[in-house]
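Read through the structure below, which is laid out as structure tokens, and then see the notes.
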Protein chains: 2
Amino acid sequence: MARKQPVVSRTRDSRAGKSSVHAQLANEIGLRIVRGDYPPGSILPNEAQWSETFNASRSAVREAIKMLMAKSLLASRPKIGSRVEPRERWNLLDRDVLAWYASSPDREAFLKAVQEFRHIIEPEAAALAATRRTDEQMDEISRACREMGAAVTLEERTGADTRFHLAILRASGNDLLVPLGVLIESAFSHLFLYVTREGDDLDAAQKLHESIERNIRLVRPEAARRAVRKLLANTDKVVERGPE
Amino acid sequence: MARKQPVVSRTRDSRAGKSSVHAQLANEIGLRIVRGDYPPGSILPNEAQWSETFNASRSAVREAIKMLMAKSLLASRPKIGSRVEPRERWNLLDRDVLAWYASSPDREAFLKAVQEFRHIIEPEAAALAATRRTDEQMDEISRACREMGAAVTLEERTGADTRFHLAILRASGNDLLVPLGVLIESAFSHLFLYVTREGDDLDAAQKLHESIERNIRLVRPEAARRAVRKLLANTDKVVERGPE
DNA sequence: GTCGCCCTTTTGTCAGATGATTGCGCTGCG
DNA sequence: CGCAGCGCAATCATCTGACAAAAGGGCGAC
């Protein structure tokens with residue numbers, strides 16, 4: 001048994017950092033599923049095979065598989081094994097699944113889907129926020145907006161931008177909108193590469209953000225909705241013209 | 001040790017059916033978290049305590065906890081234990097979390113949030129479906145609509161109704177909309193109790209559904225959007241007047 | 001009083017054994 | 001020759017027990 005040697009594959013994988021074994025396994029297996037290595041309906045290798053592949057114990061494999069089961073990526077039954085669930089059962093709005101999904105096919109198509117999704121929810125979220133926000137929530141929004149303007153590095157700016165949009169979702173007063181924040185985070189982390197091209201784009205975007213902030217502050221739902229639409233149209237142009 | 005006795009608590013819990021131990025544990029612990037027994041930031045009992053509480057092995061407890069970690073309900077670290085994550089990290093759009101959430105506080109508020117959410121996404125989904133649907137997807141929509149009309153029991157009708165709305169989401173051509181189907185399913189399964197009051201309500205609702213079907217079939221996105229809005233307004237009235 | 005070390009607690013990981021479930025092939029009968 | 005029933009075996013499900021690693025808290029030295 002090669003079990004006694006200092007584990008090859010995991011040592012290689014551990015470039016990811018210090019995450020635990022079951023997390024690494026879940027990540028690796030989940031990625032392979034979403035990537036399409038095992039199409040929906042097919043049977044995965046059994047637990048023993050996985051544990052041999054990764055030089056991990058069967059317990060660790062099982063815990064990883066349970067995590068994927070919790071995300072509805074697969075279901076397992078005795079004697080059968082683990083079967084990949086049909087795609088429409090996958091919880092694509094889960095942070096991890098989204099990350100796997102984003103990294104597998106072409107970024108472009110993924111970004112377009114996310115962007116379209118933002119068009120659906122963000123204008124309404126802003127309109128709701130305009131009428132339902134608390135003062136604390138307004139503070140959060142305003143602060144993020146200010147920090148966006150004051151940011152010097154692109155990273156700082158993107159961070160503040162993300163916080164701005166998440167704060168609006170939270171202020172919408174609908175708990176179900178909050179989890180959609182992962183989409184926005186994902187969008188921004190991928191959009192990151194697109195907007196290096198500085199210039200008046202940034203100024204224009206900042207003005208648009210300030211307009212949203214103002215309309216939410218002054219309780220003007222309709223105007224807030226329109227302002228968000230305008231901002232998204234602006235972002236659309238960035239997505240369309242492609243990465244740097 | 002009472003470990004040798006024929007397990008009391010799990011035997012009682014097993015009225016749920018034949019689900020596996022880890023699933024039962026995840027369900028029970030998840031419910032308690034969402035219900036608020038352990039507020040965000042607090043530390044859960046350790047694995048040994050859980051395993052004693054439920055007369056299950058630590059492995060089973062760990063697998064259950066891994067499932068809850070996958071849903072971002074908690075995070076665990078050595079020596080600390082398992083800490084409940086802040087609510088905004090919870091994946092409320094997960095099927096299980098949604099079910100726990102729906103059963104904990106008052107149904108009413110939950111239903112309102114879901115209904116509001118439907119107002120945001122379903123009109124747009126229908127509009128997208130009108131322009132992007134494939135013929136097969138259109139068949140699915142039409143069939144569900146027909147089956148709704150032909151249904152005799154309330155259960156059949158609700159089932160067809162659900163399929164109708166899910167089919168529209170699928171036909172929207174945006175993968176990210178599909179997972180939101182769990183919201184609709186949840187809404188219908190809870191709305192179930194509200195609409196026993198039969199009458200012309202059903203006829204009116206059926207006509208509204210047929211109108212949506214027609215507008216999607218004839219590629220009229222604007223009209224489809226309006227039709228869905230009308231149907232949702234109708235459902236709103238049902239929700240407002242409360243359960244039977 | 002403060003800094004740093006040790007120690008205990010809790011999760012993380014592993015190995016091995018047994019039980020439960022069920023698809024599949026085999027065998028025997030019609 | 002076909003079919004039905006049965007047993008086998010593969011696979012997950014569960015349990016047990018042990019050790020490693022991390023990290024907060026307490027204790028001692030200075």
Side-chain angles (χ1 to χ4, degrees), chain A residues 1-7 9-11 13-14 16-29 38 41-70 73-85, chain B residues 1-7 9-11 13-14 16-29 38 41-70 73-85:
Chain A
M1 266 287 151
R3 191 61 57 89
K4 318 194 98 163
Q5 307 180 3
V7 184
S9 57
R10 192 157 79 246
T11 308
D13 282 353
S14 71
K18 51 178 176 43
S19 64
S20 46
V21 175
H22 61 255
Q24 286 180 39
L25 294 185
N27 209 56
E28 184 64 30
I29 300 177
Y38 307 97
S42 64
I43 305 290
L44 264 62
N46 65 35
E47 295 174 351
Q49 283 173 271
W50 281 124
S51 88
E52 196 177 334
T53 303
F54 293 111
N55 283 104
S57 71
R58 208 171 74 106
S59 321
V61 172
R62 279 184 62 76
E63 288 178 3
I65 286 181
K66 288 292 165 297
M67 297 183 80
L68 299 179
M69 284 176 61
L73 254 63
L74 51 85
S76 55
R77 282 166 49 204
K79 163 69 186 177
I80 303 297
S82 296
R83 172 181 270 108
V84 179
E85 293 267 356
Chain B
M1 266 287 151
R3 192 62 56 91
K4 317 195 98 164
Q5 307 180 3
V7 183
S9 57
R10 191 158 81 246
T11 307
D13 282 353
S14 71
K18 52 178 174 48
S19 64
S20 46
V21 175
H22 61 255
Q24 286 180 39
L25 294 186
N27 210 55
E28 183 64 29
I29 300 176
Y38 306 97
S42 65
I43 304 289
L44 265 62
N46 65 34
E47 296 173 352
Q49 282 173 272
W50 281 124
S51 88
E52 197 177 335
T53 303
F54 293 112
N55 283 105
S57 70
R58 199 168 78 106
S59 325
V61 172
R62 280 183 62 75
E63 288 178 3
I65 287 183
K66 288 295 165 296
M67 297 184 79
L68 299 179
M69 284 175 62
L73 253 64
L74 51 86
S76 54
R77 283 163 52 199
K79 162 68 186 179
I80 304 296
S82 295
R83 186 191 303 276
V84 178
E85 293 265 354

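Just so we're on the same page: letters track the sequence lines, and every chain starts at 1.
- If you check dA13(D), dC14(C), dC15(D) against the side chain of Glu47(A), the one that comes closest is dA13(D).
- Interatomic distance, Leu68(B) CG to Asn27(B) CG, rounded to the nearest 0.5 Å: 9.0 Å.
- Here the P atom of nucleotide dC12(D) and the CE atom of Met69(A) are 12 Å apart, to the nearest Å.
- A straight line from CG of Leu68(A) to P of dC12(D) spans 14 Å, rounded to a whole angstrom.
- DNA chain D lies under 4.0 Å from at least one heavy atom of each of the following residues of residues 75-83 of chain A: Ser76(A), Arg77(A), Pro78(A), Lys79(A), Gly81(A).
- One atom, CZ of Arg58(B), and another, C1' of dA18(D), lie 10 Å apart when rounded to the nearest Å.
- Pro45(A) has its side chain out of reach of Thr53(A): every pair of non-hydrogen atoms, C-beta onward, lies at least 4.5 Å apart.
- Interatomic distance, OG of Ser20(A) versus CE of Met69(B), reported as 6.0 Å (0.5 Å rounding).
- Between the CG atom of Asn55(B) and the P atom of dA13(D) there is a distance of 21 Å, rounded to whole Å.
- When rounded to the nearest whole Å, the span between CD of Glu63(A) and P of dC14(C) equals 10 Å.
- A heavy-atom distance below 4.5 Å is found between the side chains of Trp50(A) and Ile29(A).
- In this entry the distance linking CG of Leu25(A) with P of dC14(C) reads 8 Å, nearest Å.
- No donor-acceptor distance shorter than 3.5 angstrom exists from the side chain of Arg83(A) to the backbone of Ser42(A), with no hydrogens or angles considered.
- Looking at residues two or more places apart in sequence or on another chain, you find a salt bridge (charged side-chain N to carboxylate O under 4.0 Å, His left out) between Glu47(A) and Arg58(A), Arg62(A).
- Between dG12(C) and Arg62(B), a contact under 4.0 Å exists linking OP1 or OP2 to a side-chain N or O.
- In this structure, CG of Leu44(A) is placed 13 Å from P of dT11(D), rounded to the nearest angstrom.
- Going from atom CG of Asn46(A) over to atom C1' of dT21(C) covers 16 Å, rounded to whole Å.
- Taking the side chain of Ser20(B) as heavy atoms from C-beta on, and the options dT11(C), dA13(D), dC14(C), the nearest nucleotide is dA13(D).
- Under 4.0 angstrom from either OP1 or OP2 of dT13(C) there lies at least one side-chain N or O belonging to His22(A).
- Not counting sequence neighbours, Arg77(A) has no partner by the salt bridge (charged side-chain N to carboxylate O under 4.0 Å, His left out) test.
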